[in-house]
Amino acid sequence: MQWLPGPEFQYLAGRENKRNLDRSLKPVLDGNMRVLCVAEKPRAAKHIAEILSQSSFRTQNTGNQYVKNYIFDYTVNQRTASFVMTSVLGHLTDIDFPSTHKNWQSCDPGDLFRSETVEYISEDMKQVAMNLREQVRFADILFIWTDCDREGEGIGGEVVQECRKVKPHIQVWRAHFSAMQPGPIHHAAQNPKTLDECTVQAVMTRRELDLRTGAAFTRLQTLNLRGYVRDEKMVISYVDQYLRRENFVSEEFWKINVAYQETRPNEPPLRTSFNWNRVRSFDRHTCLALYNQCVSHPLATVTNVTRKNVQKWKPLPLATLELQKTGTKSLRMTGEEIMTIAQGLYTEGYISYPRTETDQYDDTFEFMPLIQMQTQHPEWGQHAQGLIDGNFETPRRGSNNDKAHPPIHPTAFTSALTGNQKKVYDFVVRRFLGCCGKNAQGDETVVTISIATETFETKGLVIKQKNYLEVYIYDWWSGRTISDFAQGQQFTPSELTMDTGKTTPPELLTESDLIGKMEQNGIGTDATISDLIKKVLMRQYAFKVSQKFFIPSTLGIALVRGYEDVGLDESLIKPKLHQMTETDLKLICQGVKTKDQVLRESVSRYQQMFAQIVWEFGKLVQAVRRYYDVAEDERRRRGHGRFVGHQDLNTGVGDDGDTTTTTGARGRGRGRGSRGGGTRGRPRG
DNA sequence: GCAAGGTC
């Protein structure tokens with residue numbers, strides 16, 4: 001992207017100066033000046049206008065149904081100016097290849113690393129851009145109010161570029177605000193800064209790199225593997241192949257089990273089982289020797305009894321990803337469904353904005369009116385009343401703050417919702433009330449016993465006060481009653497056995513796990529993760545079975561194996577790739593590297609990989625022929641495939657299951673359910 | 001058709 005830097009950017013030319021740069025501007029307004037403010041989204045524009053004008057503004061419609069202009073007077077440095085507050089709708093522009101390279105057959109995919117790109121304003125944004133151009137005609141100053149994050153800076157750059165088409169030399173201010181609160185907003189208005197050109201360039205770099213690499217690898221794969229997969233229209237995207245699985249080899253182990261059964265009058269007998277401190281042994285002879293000693297001297301001695309207070313912490317304030325993580329687990333909906341419903345609840349005014357990273361409440365946040373509102377609810381009204389009557393405790397503070405929105409919380413009362421809407425609303429309310437409550441309290445007893453040379457342990461838990469658990473029903477803290485043991489006490493175990501089992505592979509990923517992993521690896525953002533997961537499923541890299549678990553398709557496995565064989569697994573799979581790009585982007589933001597430099601370096605890295613893949617494409621083909629199996633994928637889709645290397649879902653082993661089981665193990669190792677001849681698919685004719 | 005980032 002090339003926009004002509006205005007006068008205030010000129011001293012940025014030496015990027016070495018960047019780190020010492022004071023971005024403050026001296027806001028000089030002459031009488032009757034006009035300021036055009038542009039926010040990132042309509043909500044923010046309205047909110048800021050309300051604050052600056054103390055809700056005294058005139059509203060004007062634009063060519064876009066969502067975007068409005070808010071007109072009011074505002075005083076900066078004792079000078080009153082006429083302000084117009086408007087917004088865009090996220091990014092204003094995007095890039096693509098020129099028509100000469102758009103068609104997949106039009107060029108070699110490798111050309112896409114070097115070909116031209118063209119920037120354009122999408123159809124949806126045409127009216128938004130037009131509004132900017134119209135408004136800037138009357139303006140003396142362009143004041144950027146986009147979100148204060150990297151993409152926000154980039155969007156600001158796009159706005160500047162569009163406005164300078166009309167007024168090439170208009171002065172640009174940038175608002176730096178820490179929260180959508182009157183204090184920070186007024187402060188930002190009174191202390192404008194400059195737009196950070198380096199960050200803008202970082203965003204433009206990301207955009208270009210994503211397009212080039214995404215398109216090149218995807219076209220290469222799709223065009224050359226198409227003949228080998230059944231659905232010839234299937235697009236074989238190069239992304240999202242991180243759904244890899246470990247080679248898991250099941251091992252047999254042995255362990256010693258001890259239990260004590262207490263008979264109680266008028267009650268069922270109470271059985272207390274103990275865990276071996278060695279957990280398990282992979283050597284049968286060792287285990288047998290230890291077991292034999294226990295059997296010959298079976299009298300157990302209680303060597304230690306410890307009692308302590310334990311608490312289960314209440315949850316953090318609710319942010320988007322947590323809503324999706326916990327929501328997919330507890331509500332039996334997909335992340336995407338949850339977000340759609342949440343968006344609807346927000347539009348109808350029942351909950352706050354559902355897309356936020358913030359998991360800490362502002363010091364000025366007013367909890368009581370919101371809690372009060374919920375006291376009339378049949379299910380949790382009483383609990384809410386309890387909070388008001390003294391059980392309230394300030395919510396914990398998480399570590400994220402997007403400085404734009406508070407954590408997700410209910411904003412209006414309703415008990416009239418049904419279906420999924422009710423589920424999501426209930427979740428938001430219960431979470432909110434849970435956050436405002438106290439941690440759950442319990443008494444834990446740890447009993448240690450010794451038999452012969454061996455030590456065993458058991459834990460009992462009595463829940464004393466459920467507190468937040470009463471209303472936040474999605475957390476589970478189960479009490480466990482054990483017999484009352486005293487130190488020094490001796491008893492003969494009712495059970496003393498040596499059992500065998502096999503280590504089982506890690507559980508299959510749930511959507512909740514997947515969201516967590518993507519978050520950890522920096523894949524996508526809170527706004528895009530649920531979308532990516534949907535894409536993975538749509539492209540059939542994985543299936544969702546039992547409405548819960550994700551299993552990779554044979555196609556997904558084939559691609560991962562194929563890239564492993566080419567020797568690119570480490571460098572091409574998403575997380576690593578992402579980190580490298582991310583590091584470079586930060587350097588651009590710091591003024592250490594330039595956009596051109598990073599593009600040159602990264603593109604050449606990608607080109608090398610690309611060349612290697614082209615060179616060894618046969619290995620990819622082989623992998624697909626070897627692993628890809630239409631019939632197996634069909635079984636997997638229906639949830640009946642061979643879940644190679646994982647627990648069989650149909651045995652009903654829960655997701656909280658131990659990592660070991662004694663029910664016998666199933667398949668081992670890699671995805672060989674489809675192993676066999678090379679008769680699948682058909683070679684390209 | 002392909003990417004990832006916004007937002008409605």
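Proteins get letters first, then strands, A, B, ... in listed order; numbering begins at 1 in each. Side chains are part of it too, since the values below use all heavy atoms of this structure and drop only hydrogens, waters and symmetry mates.
Counting distance only, with no hydrogens placed and no angle test, the side-chain atoms of A/D96 and the base atoms of B/dC2 include a donor-acceptor pair under 3.5 Å.
B/dG5 atom C1' lies 14 Å from atom CG of A/L92, rounded to whole Å. We find that OH of A/Y606 is positioned 11 Å from C1' of B/dA3, with the value rounded to whole Å. Note: CD (A/Q343) to P (B/dT7) measures 10 Å, nearest angstrom. Atoms CZ (A/R212) and C1' (B/dA4) sit 15 Å apart, rounded to a whole Å. The nearest whole Å value for the distance from the CG atom in A/D147 to the P atom in B/dT7 is 6 Å. Between the P atom of B/dC2 and the CE atom of A/M538 lies a distance of 8 Å, rounded to the nearest Å. Taking atom CZ on A/R206 and atom P on B/dG6, their separation rounds to 7 Å, with Å as the unit. Rounded to whole angstrom, the span from the CG atom of A/L225 across to the P atom of B/dC2 amounts to 16 Å.
Using a 4.0 Å heavy-atom cutoff across all strands shown, A/N64 reaches no nucleic acid atom at all. No engagement by A/I529 is indicated, since no non-hydrogen atom pair under 4.0 Å with the nucleic acid exists. Residue contacts for A/P42: at a heavy-atom cut-off of 4.0 Å it reaches the sugar-phosphate backbone alone, with no base atom in range. Nucleic acid contact for A/L211: base, since at least one base atom lies under 4.0 Å from a heavy atom of the residue. The residue A/Y346 sits apart from the nucleic acid: no heavy atom pair falls under 4.0 Å.
Between A/R355 and B/dT7 there is a side-chain N or O to OP1 or OP2 distance below 4.0 Å.
Checked against the 6.0 Å centroid threshold, A/F550 and A/F543 do not count as a close aromatic pair. Taking the six-membered ring wherever Trp is involved, the centroid distance between the rings of A/F57 and A/Y70 falls below 6.0 Å. Checked against the 6.0 Å centroid criterion, the rings of A/W615 and A/F617 do not qualify as a close aromatic pair. A/F113 has its ring centre less than 6.0 Å from the ring centre of A/F610.
Taking the nucleotide of DNA chain B with the nearest heavy atom to each of A/R219 and A/D526, the more 5' of the two is matched to A/R219. Looking at which nucleotide of DNA chain B each of A/R43 and A/Q105 is closest to, the 5′-most match is held by A/Q105.
When distances run from any side-chain atom of A/M125 to the nucleotides B/dC2, B/dA4, B/dG6, the shortest one goes to B/dG6. Side-chain atoms of A/D210 lie closest to B/dA3 of the nucleotides B/dC2, B/dG6, B/dA3. Considering only the side chain of A/L89, B/dC8 comes nearest among B/dC2, B/dA4, B/dC8. Comparing B/dA3, B/dA4, B/dT7 against the side chain of A/K41 picks out B/dT7 as the nearest. Closest to the side chain of A/E151, out of B/dA3, B/dT7, B/dG5, is B/dG5. Considering only the side chain of A/R539, B/dC2 comes nearest among B/dG5, B/dA4, B/dC2. Here the nucleotide nearest the side chain of A/T525, chosen from B/dG5, B/dA3, B/dT7, is B/dG5.
Applying the side chain to side chain contact (heavy atoms under 4.5 Å, CB included) test between A/I141 and each of A/V35, A/L36, A/V136, A/I170 identifies A/V35 as the sole match.
Applying the 6.0 Å contact sphere to CZ of A/R43 captures no more than 12 heavy atoms from other residues, nucleotides or ligands.
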